[in-house]
> 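Before anything else, here's the structure in question.
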Amino acid sequence: NEDRTVSVTGPIGNTVIRIESGRARVVSDPGPRQYCVRQGWLTRPGEMALCAPNHISLTLTGGQPTYESMAYNMLRRLILTPDDHRIARL
């Protein structure tokens with residue numbers, strides 16, 4: 001697995017994601033509050049960074065999730081159902 005940087009285009013601009021061995025993070029996002037950038041490195045399966053204004057989410061998959069499934073499923077329904085929502089799954 002090779003380290004890489006990915007740019008994902010959303011409705012207000014580009015969100016830049018950095019992927020390294022066993023972890024990923026949002027490096028930059030055009031949103032005003034920068035919550036997804038400040039979240040830092042995601043390292044466990046099921047962790048998610050949400051860049052809501054730009055409709056971008058980053059979710060780590062694989063392995064055994066560390067989240068509680070009922071809360072995750074509720075969050076997933078609320079976040080992922082809009083038709084224009086873009087998802088970066090890496």
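Computed from heavy atoms alone, side chains included, the values below leave out hydrogens, waters and symmetry copies.
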> Indicate yes or no for a side-chain donor-acceptor contact from E47 to the backbone of T59 under 3.5 Å, with no hydrogens or angles considered.
no
> Would you say the side-chain atoms of R25 pair up with the backbone N or O of L42, donor to acceptor, closer than 3.5 Å?
no
> If two hydrophobic side chains count as joined below 4.5 Å and joins carry through other members, does I19 share a cluster with V37?
yes
> Looking only at heavy atoms, what is the nearest atom pair of P53 and P11, with distance?
O-CG, 4.3 Å
> Under the criterion side-chain contact (heavy atoms from CB on, under 4.5 Å), which of T15, V26, V8 is the partner of N54?
T15
> Other than W41, what residues sit in its cluster of Ile, Leu, Val, Met, Phe, Trp and Tyr side chains whose heavy atoms are under 4.5 Å apart, directly or through others?
none
> Measuring from T9:OG1 to I56:CD1, what's the distance to the nearest 0.5 Å?
7.5 Å
> For R18 and T5, does a side-chain donor sit closer than 3.5 Å to a side-chain acceptor?
yes
> Tell me the closest heavy-atom pair linking Q39 and A49, and the distance in Å.
OE1-CA, 3.7 Å
> Filter on disulfide bond (SG atoms under 2.5 Å apart), then keep only pairs touching residues 4-54, sequence neighbours left out; what's left?
C36-C51
> Does R33 have any salt bridge (Lys or Arg N to Asp or Glu O under 4.0 Å) partners at least two apart in sequence or in another chain, and if so, which?
none
> Do V6 and L60 share a hydrophobic cluster (ILVMFWY, side-chain heavy atoms under 4.5 Å, transitive)?
yes
